[in-house]
There are 4 protein chains.
Amino acid sequence: MTSGEGPPRRGRGRPRTPGAEEKILNAALDEYGERGWAGFTMDGVARRAGVGKSTVYLRWPDKDALLTDAVTNRGMELTAVDTGSLEGDLRQLAVNMLRHFHSPGGWASMRVTFDCASSPERLGDFSEAVSQVHGRQVEQICLRAIERGEMIEDFPLGAVTEAIYGAAMVNSLSERLEGRTDDDEAIDTRAAFVVAMVLGGIATPQTRSTPHS
Amino acid sequence: MTSGEGPPRRGRGRPRTPGAEEKILNAALDEYGERGWAGFTMDGVARRAGVGKSTVYLRWPDKDALLTDAVTNRGMELTAVDTGSLEGDLRQLAVNMLRHFHSPGGWASMRVTFDCASSPERLGDFSEAVSQVHGRQVEQICLRAIERGEMIEDFPLGAVTEAIYGAAMVNSLSERLEGRTDDDEAIDTRAAFVVAMVLGGIATPQTRSTPHS
Amino acid sequence: MTSGEGPPRRGRGRPRTPGAEEKILNAALDEYGERGWAGFTMDGVARRAGVGKSTVYLRWPDKDALLTDAVTNRGMELTAVDTGSLEGDLRQLAVNMLRHFHSPGGWASMRVTFDCASSPERLGDFSEAVSQVHGRQVEQICLRAIERGEMIEDFPLGAVTEAIYGAAMVNSLSERLEGRTDDDEAIDTRAAFVVAMVLGGIATPQTRSTPHS
Amino acid sequence: MTSGEGPPRRGRGRPRTPGAEEKILNAALDEYGERGWAGFTMDGVARRAGVGKSTVYLRWPDKDALLTDAVTNRGMELTAVDTGSLEGDLRQLAVNMLRHFHSPGGWASMRVTFDCASSPERLGDFSEAVSQVHGRQVEQICLRAIERGEMIEDFPLGAVTEAIYGAAMVNSLSERLEGRTDDDEAIDTRAAFVVAMVLGGIATPQTRSTPHS
DNA sequence: CTATAATCGAGACGGTACGTCACGTCTTGAT
DNA sequence: ATCAAGACGTGACGTACCGTCTCGATTATAG
């Protein structure tokens, strides 16, 4: 995803400084995390990275591209999940997502995602990447579960994705709005409840009619 | 919520032009909707509102405050819900939320909410307002349902809120990222599935263990 | 010269506050003296005078008019001179002028005069006033001296005026530029030398005493 | 005198555009001349110079500094004078000064000088420059004349300076106030009279020719 | 070993929006 | 009718950032 990686640039001339991309991306994420969008400055990123502005603009065409790229690289480290059971998979996934959105990088990633979704012109690679990463996980988990007979068929998998990802997002959002600081235990507990709801619902058994009529 | 409420304004001096707040807020939302964040200009808002910049800065200290306020005022018009049954309430709520986040105003409102959550310094009234509006709805619905015996007890209502609101958010997000344009029918269908999931779960009956052990 | 003095305003309605003109003119001169042209503010004048802006604008149409008027009223208190001899008259006049331009009011008056001379559009009453006050003095002194046979004829009186007034101006200017603070004695001495220089040139030979006694 | 001389500018970074100072100073003088103080705008200067505002503010801290500098650079081109006789020197000097103050640049220079003298904080280089340029001329002329025996000793040279410079100033001032437009002949005639007056006073008797020939 | 050339840091450049401030006008309730 | 207070539309102020550019210095390969 990094723009700076095309052909390996074999040839004459000074090669690009090896650690530069790394330093710049880190600096970009840090600046974005600390100062928010309004305070996110190209000059600031370059200064924090200890690098000239030309070094930045040689690699990314503009501010948006840099931020998008930073977030894409650092903000999507979601490892695949396969515990053998639907509940285990979803529990693991929910914990991952909650931790992800609670971390500075994951939070920044999400904000940039919303920014991208608001500007139709630069929906380029980013939206695909997001869809891929975020959507495929649940899809694969559910397909395996259906194969094992653990999950009903004919249910739109997108709804499951949206509920789990959305719950993690809103949980992180409310944590910030209310000034809480959730520890790992709180996150695990919340993940358990969300998965329980997704798996079994919140209705009492007697009122539970056939859900998908 | 309007920032313009400071001292009680004893009758000295020319009173503030009555319609100005209204005009400015409308102009701000229009500019934000048409031109996006990047093209959202204080001069532009003032010009569109037919007002001087000082009139704007007399009421809101800066750009962020104006946008936040505009979005808070126009973006939260969520009517209460009471259909008599848990499923009906949640269905209605889910439809409302989906429509809300799919509309330009609701989408903008959400983005500003994320911006506020990222800048700890101005979490003032806004976070309370959001929590109030967004959290109380589900709480009241669920409390009524528990009273009617339709819903299990001892389930954290926050998880329900987060799932429904989050699902609506992510649904709107993916609509934009993927370039779809969902019609009302698609929205209603998606709302039905989400509510079904929340109410009854997605696990097959035979694998359904006691969820809350 | 004060704009506020037309018809005595006999009639219905509240009469104008008696001391207002005075207070405003004083405040204007003080502000101009302390802060210079750039820091000279209508709001500042009104505040210092303890008066609303409308009270000011009711009397003078704009900033220039107020400043011009303030300076004309306070800065031109040049009493007529008639000692009986040319040397005595000029000496008295030179001392007056030097004291005038060294005083805050006189200095301000001069600056405003230059401002007026630079803006051809508002040369209205002011330039006439200046010419009157500044030119007639020397003219009358010289005419009397010619009549007494103390001064040569056919010499342009304007040149005498310009030399005396100009010397006083430049003396005050250089005092400020060089950070000096001339006392009365220094001023009197300088006046004596200037008059000696002027007299040596314009006096007829028979009345010409040793010029530098 | 140009403010643009700070650190020696080691060769790092892009060098400042060579012709920029020149262009900006010219644009500033033109704008000041055409539009006067009220219409003298930093944006206007930058636009006329074909330059961004940052380029201007990189060199001068504010409006006053730019105008002062423009006027100092362009407004002081007074060539030295040495005709061999006191009368010749003073005549030449008086003509120079009259022409100077009658020209737009010289007039502007003088106004800025008065502004500087009114604001004690920025009397920095400017006052020295003015004193140097304006005072030394007369001093040198007189010293040479004393050496030649053409001028009495023990006369304060400052008084001579002040009379000649002041006369030129007031002459130009009254020209503007009265709406005259003096041609070169009028200026020369006036210079002759002023010098005659000054000489009659300061010349020793033996070199004193008939002053008004 | 030298020439060529891409990259580096630094920072000036033309623009544009920011948030402030003053102008001169206006609108209020009180005198 | 005038007062004090202060909001109004306008427009310049001086600052900060964008993305581009130009410099001298560095660092590699190509000849």
Side-chain angles (χ1 to χ4, degrees), chain A residues 9-17 20 38-44 46-47 50-64, chain B residues 9-18 20 38-44 46-47 49-63, chain C residues 9-17 20 38-44 46-47 49-64, chain D residues 9-18 20 38-47 49-63:
Chain A
R9 299 292 309 105
R10 305 259 83 246
R12 295 205 288 190
R14 172 176 178 172
R16 294 194 171 174
T17 304
F40 179 74
T41 308
M42 290 303 261
D43 290 44
R47 202 179 322 116
V51 139
K53 279 208 295 177
S54 34
T55 306
V56 180
Y57 278 101
L58 262 179
R59 291 165 168 77
W60 294 273
D62 58 18
K63 196 169 151 172
D64 287 335
Chain B
R9 299 287 307 100
R10 300 255 130 265
R12 307 239 277 195
R14 174 174 175 174
R16 297 197 171 171
T17 305
F40 179 75
T41 301
M42 291 301 263
D43 294 80
R47 201 177 325 115
V51 139
K53 275 210 295 179
S54 48
T55 305
V56 180
Y57 279 102
L58 213 53
R59 292 167 166 77
W60 293 273
D62 57 20
K63 198 168 149 170
Chain C
R9 302 293 309 104
R10 304 259 85 249
R12 294 202 288 190
R14 171 177 176 172
R16 294 195 173 175
T17 305
F40 179 75
T41 308
M42 291 302 262
D43 293 84
R47 203 179 321 117
V51 140
K53 280 209 295 179
S54 35
T55 305
V56 179
Y57 278 100
L58 218 50
R59 290 165 168 77
W60 295 272
D62 57 18
K63 194 169 152 171
D64 287 334
Chain D
R9 298 288 309 101
R10 301 256 130 262
R12 307 237 278 195
R14 173 175 176 173
R16 297 197 172 171
T17 305
F40 179 74
T41 302
M42 291 303 262
D43 293 80
V45 171
R47 202 179 322 114
V51 138
K53 274 208 297 179
S54 47
T55 304
V56 180
Y57 279 102
L58 212 52
R59 292 166 167 76
W60 293 274
D62 55 21
K63 198 168 150 172

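Each chain gets a letter, A, B and so on, in the order its sequence line appears, and its residues count up from 1. Computed over heavy atoms, backbone and side chain alike; hydrogens, waters and symmetry mates excluded. None of the values given here were measured: they were computed from a predicted structure.
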Handout entry: Contacts of type salt bridge (Lys or Arg N to Asp or Glu O under 4.0 Å), residue C/K53, not counting sequence neighbours
Key = C/D43
Fill in the blank from the handout: Between C/V56 and A/G13, whichever has its closest DNA chain F nucleotide further toward 5' is C/V56
Practice task
Please round to the nearest 0.5 Å and tell me the distance separating atom CG of A/L58 and atom CZ of A/R16.
Solution key: 5.0 Å
Distances under 3.5 Å only, N/O to N/O: pair up the protein atoms with those of nucleotides 15-17 of chain F.
none

Fill in the blank from the handout: Out of F/dC8, F/dA4, F/dC23, minimum distance to the side chain of C/V51 belongs to F/dA4
Handout entry: Distance test, side-chain N/O of C/R59 to OP1/OP2 of F/dC3, below 4.0 Å
Key = yes
Exercise for the section: Could you tell me whether the phosphate oxygens of E/dA12, OP1 or OP2, come under 4.0 Å of any side-chain nitrogen or oxygen in D/T17? Expected result: no
Handout entry: Whole-Å gap separating P (E/dT20) and CG (B/D62)
Key = 8 Å
Exercise for the section: Report the distance from atom CG of A/L58 to atom C1' of E/dT7, rounded to the nearest whole Å. Expected result: 7 Å
Exercise for the section: Give one of base, sugar-phosphate or nothing for B/G50, where a contact means two heavy atoms less than 4.0 Å apart. Expected result: sugar-phosphate
Fill in the blank from the handout: Shortest non-hydrogen pair, D/M42 vs D/V56, comes out as CE-CG1, 3.7 Å
Exercise for the section: Let me know, please, whether D/P18 or A/G52 comes out on the 5' side of the other along DNA chain E by nearest nucleotide. Expected result: A/G52
Problem - Which residues share a ring pair (Phe, Tyr, Trp, His ring centres under 6.0 Å) with A/Y57, sequence neighbours left out - result: none
Handout entry: Side chain C/R14 and base F/dC3 donor-acceptor under 3.5 Å
Key = no
